[in-house]
Amino acid sequence: KPTSAPGVSGGSADNTGSQSVLPPAVQVRILAAAPVSRELHLMGVTQPKRSVQLRAQTAGAVVVVQADKGEMLKAGDLVIRIDIRDRKARQGQAKALVAQRQAEYRAASELSKKKLSSKTTVAEAQALLEAAKASLQGIELDMRHTRVTAPFAGIIERRFVEIGGYLDVGDPVADLLDLSEVVISGQASERDIGQLHTGMPARLTLSGGQQLTGTVTFIAHASDTATRTFRVEVTASNQDLVVASGMTAKISLNLGTTPGHRLTPAVLTLNDEGRVGVKIIDSSSRVRFLPVDLISDTPDGMWLGGLPDTIELITVGHEFVSAGQQVTVSRNLQ
């Protein structure tokens, strides 16, 4: 039997064995979803309910200017009047010709009944009568066109003529705006357009802070080919004319309630694909990444959707753990 060397015990054990490493520790909090109103916000610009550029429909010199820029008009109010010139005399001549043609037609008809005139003669007399009537109507229409009037109630935004100016057919006279209602157009995404419908209420916030209520009156049936968005129009009453055309406005549309969690931005993180989300733990204490959707941002925190009704959210330590990793859990019950 071999003997051991002095001072050395035989069969000694190695006391340098490895120690087990504990999973990283995180703090979690159990959170339950709550119903939250989901709003869609669109940006747009106010436009008048109607607008038109009044143009001359006959030629002549301007002899009366009745409406100035900034003036409110009722439908039918005079804006300007063009010199009638010889139109009155030509109207008298046309009336006399109509009377003559009527007499000729009656005479031809009476002779035809007595077999003293042919049907062709009667037809020619009738054609001449109709031509005379058409000429009279044309002159009377031209006379009416010497009066340029407002086709609807509105405000004169610009006037392009003065007394003594000469107008040709088609020359601009004035811009007329109907601001009794304003229309705001926004662009909705493909994801949101299916949740909108005409008649739904809308809240409007103008750049100056004014608040208006309106109604969705139009939703485009075809998207913009460049942006793939759909035009949405909201109409709001503006009887006191406090809202001008061309003002920036935010459209807020209530899309109903949806389950959401109110969280602080500090718990948000990005996955490898750059998607924003949060880290939770599952029933086996492993980390999971869940993407989120922003429902609304309030002074008290962000309301986020896309999560299960109840989650165990990692509130401390989420920066140092990865999806699928086992962790040691410390629960915050507050």
Side-chain angles (χ1 to χ4, degrees), residues 36-55 67 69-75 77 79 150-160 172-258 260 293-299 302-305:
V36 58
S37 295
R38 181 168 180 261
E39 284 194 335
L40 175 64
H41 300 291
L42 309 174
M43 296 304 297
V45 177
T46 58
Q47 296 175 334
K49 175 185 176 181
R50 293 178 291 185
S51 64
V52 67
Q53 185 171 83
L54 304 177
R55 292 179 177 271
K69 61 183 178 181
E71 187 172 343
M72 284 295 303
L73 302 181
K74 299 187 298 293
D77 281 355
V79 180
F152 51 79
I155 186 169
I156 297 292
E157 179 67 12
R158 288 190 297 174
R159 199 190 69 214
F160 302 100
V173 174
D175 288 338
L176 181 68
L177 307 182
D178 180 0
L179 284 168
S180 61
E181 293 180 331
V182 288
V183 179
I184 301 92
S185 298
Q187 298 292 326
S189 68
E190 296 175 281
R191 182 186 64 182
D192 297 320
I193 196 66
Q195 302 176 74
L196 307 181
H197 60 85
T198 56
M200 68 186 302
R203 188 176 73 255
L204 305 172
T205 305
L206 303 180
S207 55
Q210 303 103 308
Q211 296 274 338
L212 294 176
T213 57
T215 304
V216 175
T217 51
F218 175 78
I219 299 173
H221 293 81
S223 68
D224 185 294
T225 55
T227 62
R228 308 303 300 172
T229 56
F230 294 79
R231 184 162 57 93
V232 177
E233 291 184 0
V234 172
T235 302
S237 177
N238 185 38
Q239 293 295 332
D240 51 2
L241 305 183
V242 295
V243 181
S245 178
M247 296 180 68
T248 302
K250 181 174 75 173
I251 304 170
S252 299
L253 301 167
N254 192 331
L255 303 182
T257 59
T258 186
D293 297 316
L294 178 64
I295 299 173
S296 63
D297 194 358
T298 70
M302 296 185 300
W303 284 96
L304 303 174

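What you are looking at is a predicted structure, and each value in this text was computed from that prediction instead of being measured.
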Check your understanding: Is it the case that more than 12 heavy atoms not belonging to Glu71 sit under 6.0 Å from its CD atom?
Key ->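 Buried by this count: over 12 neighbours within 6.0 Å.
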**Study point:** side chain to side chain contact (heavy atoms under 4.5 Å, CB included) partner of Ile251, the single match among Val234, Val216, Leu40
**Key:**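 Checked Val234, Val216, Leu40 against Ile251; only one passes side chain to side chain contact (heavy atoms under 4.5 Å, CB included): Val234.
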Restricting to non-hydrogen atoms, name the atom on [X] and the atom on [Y] that form the minimum distance, rounded to 0.1 Å.
X: Ser237; Y: Glu181; value: CA-CG, 4.3 Å
X: Leu177; Y: Phe152; value: C-CE1, 4.4 Å
X: Val173; Y: Val79; value: CG1-CG1, 4.2 Å
X: Ala202; Y: Leu253; value: CB-CD2, 3.4 Å
X: Arg191; Y: Gln195; value: O-NE2, 3.7 Å
X: Thr258; Y: Arg38; value: CG2-CB, 4.1 Å

Exercise for review: Only pairs at least two apart or in different chains count here, so list each side chain to side chain donor-acceptor pair (under 3.5 Å) that has a residue in residues 208-218.
Suggested key: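 Every side chain to side chain donor-acceptor pair (under 3.5 Å) pair that includes a residue of residues 208-218, provided the two are not neighbours, is Thr205-Gln211, Thr217-Thr235.
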[Y] side chain reached by [X] side chain, heavy atoms, under 4.5 Å:
X: Leu54; Y: Val52; result: yes
X: Leu304; Y: Leu294; result: yes
X: Gln187; Y: Phe230; result: no

Measuring from [X]:[atom1] to [Y]:[atom2], what's the distance to the nearest 0.5 Å?
X: Thr298; Y: Trp303; atom1: OG1; atom2: CH2; value: 8.0 Å
X: Gln239; Y: Ser180; atom1: CD; atom2: OG; value: 5.5 Å
X: Ser51; Y: Leu176; atom1: OG; atom2: CG; value: 8.5 Å
X: Thr257; Y: Ile295; atom1: OG1; atom2: CD1; value: 10.0 Å
X: Ile155; Y: Glu157; atom1: CD1; atom2: CD; value: 7.0 Å
X: Thr229; Y: Glu190; atom1: OG1; atom2: CD; value: 9.0 Å

Is the backbone of [Y] close enough, under 3.5 Å, to the side chain of [X] for a donor and an acceptor to pair up by distance?
X: Arg159; Y: Ala67; answer: yes
X: Asp192; Y: Ser189; answer: no
X: Asn238; Y: Val243; answer: yes

Practice item. Evaluate the criterion side-chain contact (heavy atoms from CB on, under 4.5 Å) for residue pair His41 and Lys250; output intermediate values, then yes/no. Key: CA-CA 7 Å; His41 300 291; Lys250 181 174 75 173; 4.1 Å; yes
Practice item. Check whether the side chains of Asp175 and Gln53 place a donor and an acceptor atom closer than 3.5 Å, and report yes or no. Key: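 Yes, a side-chain donor-acceptor pair sits under 3.5 Å.
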Show which side-chain atoms of residues 42-49 pair as donor or acceptor with protein atoms under 3.5 Å away, not counting sequence neighbours.
from  : atom 1 : to     : atom 2 : distance (Å)
Thr46 : OG1    : Ala244 : O      : 2.7
Thr46 : OG1    : Gly246 : N      : 3.1
Thr46 : OG1    : Met247 : N      : 2.8
Thr46 : OG1    : Met247 : O      : 3.4

